[in-house]
Amino acid sequence: MGGALINGIERFPHSHFAYYEPSKHKSSNATPTLQFIRYYNILDHLVSAPKYSDAIEHFRELFLDAVHLRMRSDVPIGTALSGGLDSSSTICAMAHIAKQTPDKYTKDWQHAFVACFKDTPLDESEYARAVVDYIGIKADFLEINPLEFWDRLEEYFYLFEDVYITSPIPMIATYGAVKSRGVSVTLDGHGADELFSGYGHLIEALWDCKFNPKMIANVLNTLNETREVKSSKLPLFKEGARFLTKMAIKKLTGYKLKHSRDANHPNFKKMDHFSQQLYGIFYETILPTLLRNYDRYSMINGVEIRMPFMDHRLVEFVFSLPFSYKFGGGYTKRLIRDSVDSFMPSNVTWRKSKIGFNSPIIQWLQRDKKHNGLKEWALDLVHSQDFLQCALVENPKQTQQEVMDICSGKVNSFHIGEKVWCELNPYIWEKSLKKAVRF
C-alpha cells in the first residue's frame, strides 16, 4: 500500500480486494485483521512478441478498439487535448473511427478542450489547433488566467484532498469548462508516457544494449533528441559511460536489479531492464499518482475520464515487447507513432518536443495583477507571520527567499518553481482544512 498525506491512513492497493475479519469473541483482545488478496497481475498475461511490423498492426488494432469501446456513452463525449502525441492520438482515433465505423456512439464526440498558457513555455495550442484542423472539428481554447480562480484555491485544495508538485488550477479549470459545455465524459491520453518512455528513464535502456555500439548510439541519440536542452555528443557519451559503470559495479557486487514488488515474478525477470523500470512507474509510483489526481480534478466537476491507453489488452501487449519497439531513431513512443501515423497530422505525430500538462508557476509568480500574475499574492503570503510560523513548512525563511528570487526574475528554472510550490503546499493545505466548514 502506498503512503498518504495523514499518518495512519494508507491507500488501498490496486488489483486487490480485502476481507475484514473482526475478532470472533467479544472478550478477545485479538486485533481485527484486513486480509488482502490480489485478483489481477499484468505479468500473468504477457504474450510472445511479434516482429515489429506485426506489432505496429496489432497495436493499431488494439488502440482503435480501445477507443471505440470507450466512446460508448449516452451523453456527449470529448477530449482534454494538449497537442502532445497521446491526447492527439486519442482524438484522431475518435475521428478515424467515426468515419470508418459510424454508429450511434460516434455521433457526438467532436468536443476538444485545450488549456492555453499564453506567452509561456507550456503553451501547446498551436499543435492542438493543427490536430483539430486536421480532423475538421472546432475546439474550445481555454486561456488559463490564474486570477480568475485563485480566490478558490483553498477550496480546490480541500476538494482535491492531497498535495502535488503543480497547482491544481489548470486541470480543475479545464474539466470545469468541459462540464459547463455539456460534456460529461472525456477520452484522455494518460498512461502512454509510462508504457513507452517514462520520465528521464531512456538511459536505463543502455543496460540492455550490452556491448552493441549501434544500439548504444541509438539510445544516446534518442535521449539527446528528446531533451529540452540538447547535449553535445561527448558529454552525453560520458554520461552513458558513467551510467554503465555504475550499473556494472552494482551487478558485480551482487546488487540485484529489482525495481518492483513483483521483481520475483518469472515474467518480470524475463523483461528487459528498461521495461522493468517502466513497470515500476506504471504500477507503483508515477502513474497511480497521476490517475488518482486526474480522477479528482475531473470528478470535482462531475466529469468522467476514460483512458484508452490503459486498456488491459493494450497494456499486456506493450509490456510483452522489447525496449527496441518503444523508442529509437531519435523518437520516444516509436510504436505509437508508427501505428497512428496514417490518421494523424505529421507535424504532431513526429514532434520530438515534450511538454507536460503543468502550471507555468514561474511566469505566474513573475507577473503582477495587471498582467494576470500572482507576484503580489506570493510575496504577501511568504512575508505573513502565519506562514513563517506554520509548523508544516520545513524552512519558511528559505522558501521566502526562493519566492523573492523568482518574483524578481533572479531565478527562472521551472524545476525551482516546482520545488517552491511543493514547499508552499502544506501551508495552503492546512489553511484549506481550517476553512473547510465554509465550503
Side-chain angles (χ1 to χ4, degrees), residues 1-49 62-63 65-66 69-70 72 160-164 185 187-196 198-199 201 255-300 303-321:
M1 292 185 290
L5 196 59
I6 301 174
N7 286 337
I9 298 178
E10 296 185 342
R11 308 193 193 282
F12 196 92
H14 64 79
S15 306
H16 285 72
F17 61 86
Y19 289 110
Y20 176 73
E21 297 183 0
S23 302
K24 293 183 179 180
H25 304 288
K26 292 183 178 180
S27 59
S28 172
N29 291 324
T31 303
T33 60
L34 193 61
Q35 181 183 3
F36 291 94
I37 300 173
R38 189 167 187 170
Y39 62 83
Y40 175 78
N41 188 336
I42 183 67
L43 296 172
D44 294 332
H45 302 276
L46 302 189
V47 299
S48 298
L62 287 175
F63 181 60
D65 191 56
L69 284 172
R70 286 159 181 78
R72 294 177 178 176
F160 185 60
E161 299 181 325
D162 215 329
V163 294
Y164 192 54
V185 175
L187 273 66
D188 294 354
H190 305 295
D193 281 321
E194 297 78 10
L195 274 176
F196 284 92
Y199 304 85
H201 292 80
Y255 173 84
K256 294 183 179 180
L257 299 178
K258 292 187 177 181
H259 320 286
S260 166
R261 65 174 66 101
D262 291 327
N264 291 321
H265 193 291
N267 282 340
F268 183 88
K269 295 177 180 179
K270 293 178 183 178
M271 289 195 296
D272 55 57
H273 176 71
F274 179 67
S275 297
Q276 290 175 351
Q277 292 284 337
L278 295 183
Y279 185 89
I281 68 171
F282 189 92
Y283 277 101
E284 295 162 7
T285 56
I286 296 176
L287 185 60
T289 299
L290 292 177
L291 296 180
R292 182 172 64 248
N293 289 355
Y294 274 87
D295 186 56
R296 291 172 177 176
Y297 298 143
S298 61
M299 291 309 295
I300 283 171
V303 175
E304 173 194 346
I305 299 179
R306 299 176 182 177
M307 307 172 190
F309 285 108
M310 299 292 293
D311 186 289
H312 75 94
R313 300 165 301 166
L314 188 149
V315 173
E316 290 164 5
F317 179 62
V318 173
F319 272 115
S320 302
L321 303 176

* Asked: Taking it one step at a time, do Phe309 and Val318 satisfy side-chain contact (heavy atoms from CB on, under 4.5 Å)?
  -> CA-CA 10 Å; Phe309 285 108; Val318 173; over 6 Å; no
* To do: Carefully, step by step, assess Arg70 and Asp311 under the rule side-chain contact (heavy atoms from CB on, under 4.5 Å).
  => CA-CA 10 Å; Arg70 286 159 181 78; Asp311 186 289; 3.1 Å; yes
* To do: Applying side-chain contact (heavy atoms from CB on, under 4.5 Å), run through His312 and His45 and close with a yes or a no.
  => CA-CA 10 Å; His312 75 94; His45 302 276; over 6 Å; no
* To do: List the steps and the verdict of ring-ring contact (aromatic ring centres under 6.0 Å, His included) for Tyr279 and Phe282.
  => CA-CA 5 Å; Tyr279 185 89; Phe282 189 92; 7.9 Å; no
* Under the side-chain contact (heavy atoms from CB on, under 4.5 Å) rule, what do Val315 and Tyr283 come out as? Steps first, then yes or no, please. => CA-CA 11 Å; Val315 173; Tyr283 277 101; 3.7 Å; yes
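The distance from the CZ atom of Phe17 to the OH atom of Tyr40 is 16.0 Å, given to the nearest 0.5 Å. Once rounded to the nearest 0.5 Å, the distance linking CG of Leu291 with CD of Glu194 reads 7.5 Å. To the nearest 0.5 Å, atoms NE2 (His273) and CG (Leu278) are separated by 10.0 Å. Between Glu161 atom CD and Arg296 atom CZ the span is 5.5 Å, to the nearest 0.5 Å. We find the CD1-CG distance between Ile281 and Leu287 to be 8.0 Å, quoted to the nearest 0.5 Å. Atom-to-atom distance recorded for Glu284:CD and His14:NE2 is 6.0 Å, nearest 0.5 angstrom.
Annotation: side chain of Val303 is not in contact with side chain of Tyr297 (no heavy-atom distance under 4.5 Å). Between Leu290 and His190, the closest side-chain pair of non-hydrogen atoms is not below 4.5 Å. Contact of the Tyr39 side chain with the Ile37 side chain is not registered, since no non-hydrogen atoms from C-beta on lie closer than 4.5 Å. Residues Tyr19 and Thr33 have side chains not in contact (no heavy-atom distance under 4.5 Å, counting atoms from C-beta outward). Within the 4.5 Å cutoff, the side chain of Leu314 has no heavy atoms near those of the Pro308 side chain.
The nearest pair of heavy atoms linking Ser320 to Ala49 is O-CB, 3.6 Å.
Shown here are the salt bridge (charged side-chain N to carboxylate O under 4.0 Å, His left out) partners of Asp193, two or more places apart in sequence or in another chain: Lys333, Lys354. Residues that satisfy the side-chain contact (heavy atoms from CB on, under 4.5 Å) test with Leu62, not counting sequence neighbours, are His58, Arg313, Phe317. Residues satisfying the side-chain contact (heavy atoms from CB on, under 4.5 Å) criterion with Asn267, sequence neighbours excluded, are Leu43, Leu46, His265, Lys270.
Without hydrogens or angle criteria, Glu316 side chain to Val47 main chain gives no donor-acceptor distance under 3.5 Å. Side-chain atoms of Gln277 do not come within 3.5 Å of backbone N or O of His201 as any donor-acceptor pair. Not one N or O on the side chain of Arg306 forms a donor-acceptor pair closer than 3.5 Å with the backbone of Leu69.
For Asp262 and Arg38, the salt-bridge test passes: some basic side-chain N is under 4.0 Å from an acidic carboxylate O.
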